[in-house]
Amino acid sequence: LMTLKAVRALGRCDVVLVDELVHRGCLAFARSGARIIEVGKRGGAVSTSQVFIEKTLLASAQQGLTVARLKGGDPLVFGRGGEEMQTLRAHGIAVEVIPGITAGTAVPATLGIPVTHRDFAHGVTFITGHGAEVDWAALVRSKTTLVIYMGLRNVKAIVSSLLRAGLDAATPACLIENGTLHTQRQLVTTLGRLCGAGFKGPALVVVGDVVRFAYVSRREARAA
C-alpha cells in the first residue's frame with residue numbers, strides 16, 4: 001500500500017533502493033531509466049547488510065542523485081529508517097521522510113479488526129517478536145491490543161510468555177500472513193490455540209478483544 005505522495009516522489013528519483021518485502025508492482029511508479037537496487041532483508045534468509053545499504057545511499061546522494069529508499073510499511077516503524085536518516089544527515093544530506101502505511105494497522109484492517117475501539121481497547125502496542133527482552137507482564141497489565149511484528153518464528157514462546165504473564169487463554173488472537181496481498185492467509189482463534197504451523201511468513205500476530213471483529217469465512221472459522 002502506497003500513498004499518492006510516495007508515488008509522486010518515486011517518479012522523481014534517479015536511484016531506488018528497494019526492500020525485499022516491497023511488492024514489485026510498486027516499482028511501476030519509478031521513472032523510466034531509474035536504477036533499481038535490491039537490498040533484501042527477510043527473516044531466516046541471506047540479507048543485505050545494513051552497512052552496505054547506508055554506504056550505497058550515501059554514495060548515490062553525494063553524486064548529486066535523488067535517491068529513494070523504498071520500504072515495506074512505514075520506514076520509521078521497525079524499518080531502520082531512523083538509522084539510515086541519521087547516517088545521511090550526519091554527512092549533510094537532505095532527507096525527506098514520507099510516512100508509509102504500517103502493517104500494524106493496515107493488515108488487521110483487511111479482516112475488519114480495529115486495533116483500537118472505544119469499548120474494547122483504549123490503546124495499541126506495537127512490539128517486535130524477536131530482539132530485545134519484552135516485559136510481557138507490563139503488556140498484559142496495559143490492556144492494550146498487542147500487534148507483534150516478526151513473531152512467526154517465536155509464536156509458541158510468545159503465547160507461553162503471555163499466558164505466564166496472566167493473559168487469559170481465551171483472549172481472541174490471530175496470525176496474518178502476507179497481509180494485503182492476494183496470497184494473504186490468516187488464522188483467527190484464541191491465544192491458547194494460536195500456532196504458526198503451516199505459515200511461512202512474513203506474518204503479523206494480533207492479540208486482544210478487538211480480534212473478535214475479524215471477518216472470516218465459515219471454512220476458516222471451523223479451522224480455527
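What you see below is based on every heavy atom in this structure, not just the backbone, and it leaves out hydrogens, waters and symmetry mates. Residues take their numbers from the sequence shown, with the count starting at 1. Nothing here was measured: the structure is a model prediction, and the numbers come from that model.
Minimum interatomic distance between N154 and G129 (heavy atoms only, all atoms of both residues): ND2-O, 2.9 Å. What you find for A34 and C13 is that their closest heavy atoms are CB-O, 3.6 Å. Shown here for G196 and L175, the closest heavy-atom pair between the two residues is CA-CD1, 4.1 Å. Nearest heavy-atom pair across V140 and G166 is CG1-C, 4.2 Å. What you find for V97 and P75 is that their closest heavy atoms are CG1-CG, 4.2 Å.
Atoms CG and OG, from L167 and S161 in turn, are 11.5 Å apart once rounded to the nearest 0.5 Å. Rounding to the nearest 0.5 angstrom, the gap separating the OG1 atom in T180 from the CG atom in L1 is 4.5 Å. In this structure, CD on E83 lies 12.0 Å from CG on L88, to the nearest 0.5 angstrom. Taking OG1 of T66 as the start and CG of L10 as the end, the distance is 12.0 Å to the nearest 0.5 Å. Atom-to-atom distance recorded for I37:CD1 and S60:OG is 5.0 Å, nearest 0.5 angstrom. We find the CZ-CD1 distance between R212 and I113 to be 12.0 Å, quoted to the nearest 0.5 Å.
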(Q) Applying side chain to side chain contact (heavy atoms under 4.5 Å, CB included) to F78 and T102, what does each step give before you reach the verdict? (A) CA-CA 9 Å; F78 299 125; T102 184; over 6 Å; no

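Checked by atom type, the side-chain pair T125/T144 shows a donor-acceptor distance below 3.5 Å.
Judged by distance alone, with hydrogens and angles left aside, the side-chain atoms of R141 form no donor-acceptor pair with the main-chain N or O of W136 at under 3.5 Å. T110 contributes a side-chain N or O that, together with a main-chain N or O of V107, makes up a donor-acceptor pair within less than 3.5 Å. Looking only at distances, a side-chain donor or acceptor of S142 sits under 3.5 Å from a matching main-chain atom of L139. Between the side chain of R193 and the backbone N or O of L191 there is no donor-acceptor pair closer than 3.5 Å.
Contact check on E84 versus R69 returns a salt bridge, with a Lys/Arg side-chain nitrogen under 4.0 Å from an Asp/Glu carboxylate oxygen.
Using a 4.5 Å cut-off on side-chain heavy atoms (C-beta onward), V147 and V124 make contact.
Between H117 and F213, the ring planes lie parallel to each other; the angle is under 30°, not in the 30° to 60° tilted range.
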